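Computed over heavy atoms, backbone and side chain alike; hydrogens, waters and symmetry mates excluded. Treat the numbers as computed from the prediction; the structure is a model and nothing was measured.
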Amino acid sequence: MKIGVPKEIKPAEKRVAITPSGIRVLTEHNHQVLIEKGAGLGAGFTDEVYLMAGAELVDTPEQVWEESEMILKVKEPIGPEFKWMKPGQIIFTYLHLAADRELTDRLLKRRVIGIGYETVQLRDGTLPLLAPMSEVAGALSVQMGAYCLEARNGGMGILLSGVPGVRPARITIIGGGVAGMAAAIVASGIGARVSILDIHHARLGYIRDVMSGRVVTINSNPANIEEECLNSDLVICTVLIPGAKAPKLISRSLVKRMKLGSAIVDISIDQGGCAETSRPTTLDDPIYTEEGVVHYCVTNMPGAVPRTSTIALTNATFAYVLALADKGWKKAMAENAALRLGLNVYDGKVMCKAVADTFGLECFEPDL
């Protein structure tokens with residue numbers, strides 16, 4: 001198969017979809033890999049390293065898209081990439097379609113095979129291709145929350161860890177999944193007072209045991225969310241419903257009543273965000289203040305640490321990439337139920353129920 005890796009064009013996005021070691025394996029399996037010049041520089045991978053791994057360097061993104069049967073990306077197609085997509089082309093990347101009707105319509109119109117990393121799901125409900133970036137985003141959320149709370153950024157001017165004689169910050173994490181757990185580990189590790197909310201009692205029990213009592217676990221319901229938000233200096237939103245839009249758990253009226261200069265870091269913004277006041281921001285312009293609360297809503301948070309993120313992403317996605325290349329997408333999905341759930345759109349039709357339900361569209365089953 002001819003596989004293309006274009007340079008990411010989302011603002012400030014420096015990750016790349018595959019490492020040189022991944023390309024080496026693909027070429028050993030007799031696949032041809034085209035990579036746009038400079039695609040890996042932001043993550044610390046030079047063109048020469050990709051050449052040594054067996055990739056073919058091309059000058060323009062148009063050439064990558066035009067000549068490739070499968071496109072590997074990190075983030076969803078945007079801008080000029082829409083016109084380069086072609087019918088029957090596999091696009092394997094983070095799509096997050098439930099938060100973007102325009103992108104969904106564009107993919108349907110171009111009749112591509114859109115496979116979303118974020119909806120590949122194992123039998124136990126885990127999301128293996130979302131997990132590594134969720135871990136990065138969760139860990140980063142505490143760091144970015146500290147940034148938001150600095151006085152120069154509109155925050156109340158507190159140190160998360162506190163100092164002797166001064167209480168540490170109070171942090172609330174909504175959602176006890178991979179990102180929430182990563183945030184809890186970092187936040188508790190620096191000495192903050194941490195509470196974490198989730199709707200699953202078993203998950204809360206697991207978190208309490210793993211964290212050895214260093215965080216307070218609370219059942220997630222409207223009353224508890226309100227109480228925790230009003231008493232917190234930093235709220236981190238990590239709730240995810242696979243493939244679907246994130247639920248709005250924090251109303252604008254609640255944000256108005258939060259502490260002046262407190263902060264919200266909304267990791268869920270990729271799927272629309274958990275707060276009514278959340279709106280997408282970029283790594284170049286990451287924060288804004290709404291109702292007296294500083295918001296950080298960057299849609300590609302792991303892009304802030306591109307080398308770590310690129311390696312972690314390739315570690316997770318590569319087995320699926322190789323299966324798609326070796327077997328073709330239909331056979332690969334017929335043999336792998338988790339990968340099958342990654343299929344979002346095909347031949348102008350929606351194949352993901354959560355996406356179809358979000359936009360009131362019909363959901364189809366592919367003939368594998």
Side-chain angles (χ1 to χ4, degrees), residues 1-6 8 15-36 39-40 50 53-56 64-77 81 84-97 107-108 110-123 126-133 242-243 310-352 355 364-368:
M1 182 181 285
K2 188 175 285 189
I3 302 164
V5 184
E8 298 293 324
R15 289 175 290 178
V16 63
I18 193 168
T19 61
S21 60
I23 286 180
R24 183 179 298 278
V25 177
L26 286 172
T27 56
E28 288 173 351
H29 281 238
N30 298 316
H31 301 296
Q32 184 180 358
V33 183
L34 305 180
I35 187 166
E36 184 182 349
Y50 279 114
E56 299 177 30
V64 175
W65 285 86
E66 174 62 29
E67 296 186 19
S68 301
E69 300 167 74
M70 176 165 65
I71 294 291
L72 299 182
K73 280 178 53 60
V74 177
K75 293 302 292 179
E76 72 282 354
E81 293 176 320
W84 299 330
M85 298 185 294
K86 56 187 181 182
Q89 188 173 51
I90 300 168
I91 300 176
F92 196 22
T93 186
Y94 288 115
L95 291 173
H96 297 292
L97 295 185
L107 296 180
L108 293 173
R110 302 302 289 187
R111 306 179 79 87
V112 299
I113 302 162
I115 307 171
Y117 293 153
E118 73 281 358
T119 58
V120 173
Q121 188 171 15
L122 300 177
R123 188 170 297 177
T126 56
L127 305 166
L129 307 191
L130 191 62
M133 295 303 95
T310 292
I311 296 171
L313 182 61
T314 299
N315 289 344
T317 61
F318 186 73
Y320 297 94
V321 171
L322 189 61
L324 289 166
D326 283 348
K327 301 174 183 179
W329 74 273
K330 284 191 175 183
K331 184 178 181 183
M333 288 186 176
E335 295 179 359
N336 190 318
L339 183 59
R340 161 68 186 87
L341 292 173
L343 184 63
N344 280 224
V345 295
Y346 163 58
D347 195 29
K349 300 180 180 69
V350 176
M351 302 287 159
C352 176
V355 174
F364 295 84
E365 284 288 333
D367 180 10
L368 300 179

Legend entry - Where Pro77 and Leu107 come nearest, the two heavy atoms and their spacing: CG-CD2, 4.5 Å
Legend entry - Plane angle bin for Tyr117 and Phe92 - parallel if under 30°, tilted between 30 and 60°, otherwise perpendicular: perpendicular
Legend entry - Pairwise distance CE(Met1) to NZ(Lys327) - rounded to 0.5 angstrom: 12.5 Å
Legend entry - Atom pair NZ/OH of Lys330 and Tyr346 - distance to nearest 0.5 Å: 4.0 Å
Inset, instruction - Please identify each residue that fulfils side chain to side chain donor-acceptor pair (under 3.5 Å) with Gln32, with sequence neighbours left out. - result: Glu56
Legend entry - Closest heavy-atom pair and its distance - Thr27, Gly54: CG2-O, 3.5 Å
Inset, instruction - Identify, with sequence neighbours excluded, every residue that meets salt bridge (charged side-chain N to carboxylate O under 4.0 Å, His left out) alongside Glu81. - result: Lys73
Legend entry - Min side-chain heavy-atom separation His31-Met70 under 4.5 Å: no
Inset, instruction - Find out whether Leu34 and Lys2 are in side-chain contact, i.e. whether some heavy atom of one side chain is under 4.5 Å from a heavy atom of the other. - result: yes
Inset, instruction - Kindly compute the distance separating CG (Leu313) from CG (Leu129), expressed to the nearest 0.5 Å. - result: 7.5 Å
Legend entry - Test item: Asn336 and Tyr320 side chains (from C-beta on) under 4.5 Å apart, heavy atoms: yes
Legend entry - Validation row: Ile115, Leu324 side chains within 4.5 angstrom (heavy atoms): yes
Inset, instruction - Provide the closest heavy-atom pair for Pro366 versus Arg340 in the form atom of the first, atom of the second, distance. - result: CD-NH2, 3.1 Å
Inset, instruction - Could you pull out all residues at least two apart from Arg110 that satisfy salt bridge (charged side-chain N to carboxylate O under 4.0 Å, His left out)? - result: none
